[in-house]
Number of protein chains: 2
Amino acid sequence: MEKQNIPDIVIERLPVYLQALNQLLREGQAVVSSAELGHLVDVSAAQIRKDLSYFGGFGKQGSGYNVISLIDNLRAILHLNQIWPVVIIGVGNLGQALLRYQGFARKGFEIVLACDNNPDLVGTTISGLKISDVRNLAEDLRLLNIRVAILTVPAECAQNVTDMLVSYGIKAILNYAPLVLKVPESVHVINIDPVVKLQTLTYYLETED
Amino acid sequence: MEKQNIPDIVIERLPVYLQALNQLLREGQAVVSSAELGHLVDVSAAQIRKDLSYFGGFGKQGSGYNVISLIDNLRAILHLNQIWPVVIIGVGNLGQALLRYQGFARKGFEIVLACDNNPDLVGTTISGLKISDVRNLAEDLRLLNIRVAILTVPAECAQNVTDMLVSYGIKAILNYAPLVLKVPESVHVINIDPVVKLQTLTYYLETED
DNA sequence: TACTGATTGTTAAAGGAGTGACAGGATGAA
DNA sequence: TTCATCCTGTCACTCCTTTAACAATCAGTA
């Protein structure tokens, strides 16, 4: 209902706010002002208030935002009140590292499936999860009701794999492969190729070397 | 000289264009139109022409852009005509995966230093590189003339490590730690916490589960 | 209760970014 | 050479995002 009118860029900031709020919670802070939160995440206070006001008035004049309650609201907005089952496609270096990463579980995600096409890998266990054969992907995804995928395969097969994922009902892809994936409008993709990000950074560096 | 007036968002698109152009080069295509390139990277043709025109007229009316020459120009703009030495700070799962990743070398970067504070790791060799003690960081960075860092340490120590890096002359940080780093204006940071990206994606998913 | 200080939600204005349209140059064919 | 076609670079316009300002409201104190 609310979805269509709210800019993507606002949505991208919400998880960052959530991150900072969780830190405040750990430190035992009960209330935070837009100015203080803005300082933590490097966003202007006015912008934070405007972003949050898209979803309703969560703050209290004179004091600010209740940390716990704002966390709850943001989690609801971002649909983080459930644990999302996630598949990792491609268990190379990066896929294995993500499998071992302990940061997903507490943040609303659980890696419940990891698959590869390498017969040496299929059947082995990494971080408590048995690597599945990509040939079973359709059934695995259906049985586990997975709609979120992390794609860590080589660029050469990334589009093929993506087409499979889309046809099997995947709706969100976190893409580590170095290319722009073609997907239907109903599927959401975020790219995080480290090389692209580094190449953005070097633009700003002096080259007198 | 050109730097100040060009929007960050334009700069962020350039490496993506470069990625697609390299693919065209591998496929042997000599010339590309803004429309075709736009289709590859999911950007409008007008936007590509406008982005490129910030830096000069690289195209030819009637035919389009010469692939090789546009690659050369973009590489120059992004300062990729040199190999940038890079340090990886924190050799946990993710740091090790990035160390083993072969995708940096051909794209303008070389991991020349990896360090950690874990005595069990220091001195071991991963992917041909001997892990250095973080206590030697100041000298290592100076000797190797490193200005680009990849940060893969736990959130708890990320800001401390960042302060060290900044004081030792690091100017660009690719931050995998789940927090917003505080740095001086002269230092550039890009964040790629996978959890933040996933949490952005789930906003767009139906929650009837 | 009345007053002071603080902070939100909202509105209007300012500032940036994206789009559409087209003049003008390049190419190739007749 | 002339003509028809193609595609860039750019300008004006529209749309989107951010900022600044302030009325409304809350909490604490006297």
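A note on names: the letters A, B, ... follow the listed sequences, proteins ahead of strands, and every chain is numbered from 1. Bear in mind that the values here come from a model prediction, so they are computed numbers and not experimental data.
- The closest side-chain heavy-atom distance from B/Leu179 to B/Leu181 is below 4.5 Å.
- B/Ile48 places its CD1 atom 16 Å from the C1' atom of D/dT10, with the value rounded to the nearest Å.
- If you take CZ of B/Phe58 and P of D/dT10, they are 11 Å apart, rounded to a whole angstrom.
- Atom pair A/Asn66:CG and C/dT7:C1' shows a separation of 15 Å (rounding to whole Å applied).
- The listed nucleotides are C/dT8, C/dT19, C/dA26; the one nearest the side chain of B/Lys60 is C/dA26.
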Polar atom pairs (N or O), protein with nucleotides 13-18 of chain C, under 3.5 Å:
unit_1: C/dG18; atom_1: OP1; unit_2: B/Arg13; atom_2: NH1; d: 3.3
unit_1: C/dG18; atom_1: OP2; unit_2: B/Arg13; atom_2: NH2; d: 3.2
unit_1: C/dG18; atom_1: OP2; unit_2: B/Gln47; atom_2: NE2; d: 2.9
unit_1: C/dG18; atom_1: O5'; unit_2: B/Gln47; atom_2: NE2; d: 3.3
unit_1: C/dG18; atom_1: N7; unit_2: B/Lys50; atom_2: NZ; d: 3.2
unit_1: C/dG18; atom_1: O6; unit_2: B/Lys50; atom_2: NZ; d: 3.3

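- If you take CD1 of A/Ile11 and P of D/dT17, they are 11 Å apart, rounded to a whole angstrom.
- Contact between the side-chain N/O atoms of A/Ser63 and the OP1/OP2 oxygens of C/dA6 is not found at any separation under 4.0 Å.
- Rounded to an integer number of Å, the gap from B/Arg49 CZ to C/dG25 P is 17 Å.
- The nearest whole Å value for the distance from the CG atom in A/Leu37 to the C1' atom in C/dT7 is 14 Å.
- D/dT10 atom C1' lies 14 Å from atom CG of B/Leu52, rounded to whole Å.
- For A/Phe58 and A/Phe55, the ring centers sit 6.0 Å or farther from each other.
- Defined by atom type and a distance below 3.5 Å, a donor-acceptor pair is missing between the side-chain atoms of A/Gln47 and A/Asp51.
- For A/Gln61 against C/dT8, a side-chain N or O and a base N or O form a donor-acceptor pair under 3.5 Å.
- When A/Val87, A/Ile89, A/Ile88, A/Leu143 are each tested for a side chain to side chain contact (heavy atoms under 4.5 Å, CB included) with A/Leu113, only one passes: A/Val87.
- Within 6.0 Å of the CG atom in A/Asn136, the count of heavy atoms belonging to other residues, nucleotides or ligands exceeds 12.
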key: Test side chain to side chain donor-acceptor pair (under 3.5 Å) applied to A/Gln29 and A/Glu36, step by step   = CA-CA 12 Å; A/Gln29 187 168 333; A/Glu36 184 181 6; 2.9 Å; yes
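- Look at B/Tyr65 and you'll find a side-chain N or O under 4.0 angstrom from OP1 or OP2 of D/dG9.
- Within a 6.0 Å sphere centred on CG of A/Leu144, heavy atoms belonging to other residues, nucleotides or ligands number more than 12.
- Distance A/Glu12 CD to D/dT17 P: 10 Å, rounded to the nearest Å.
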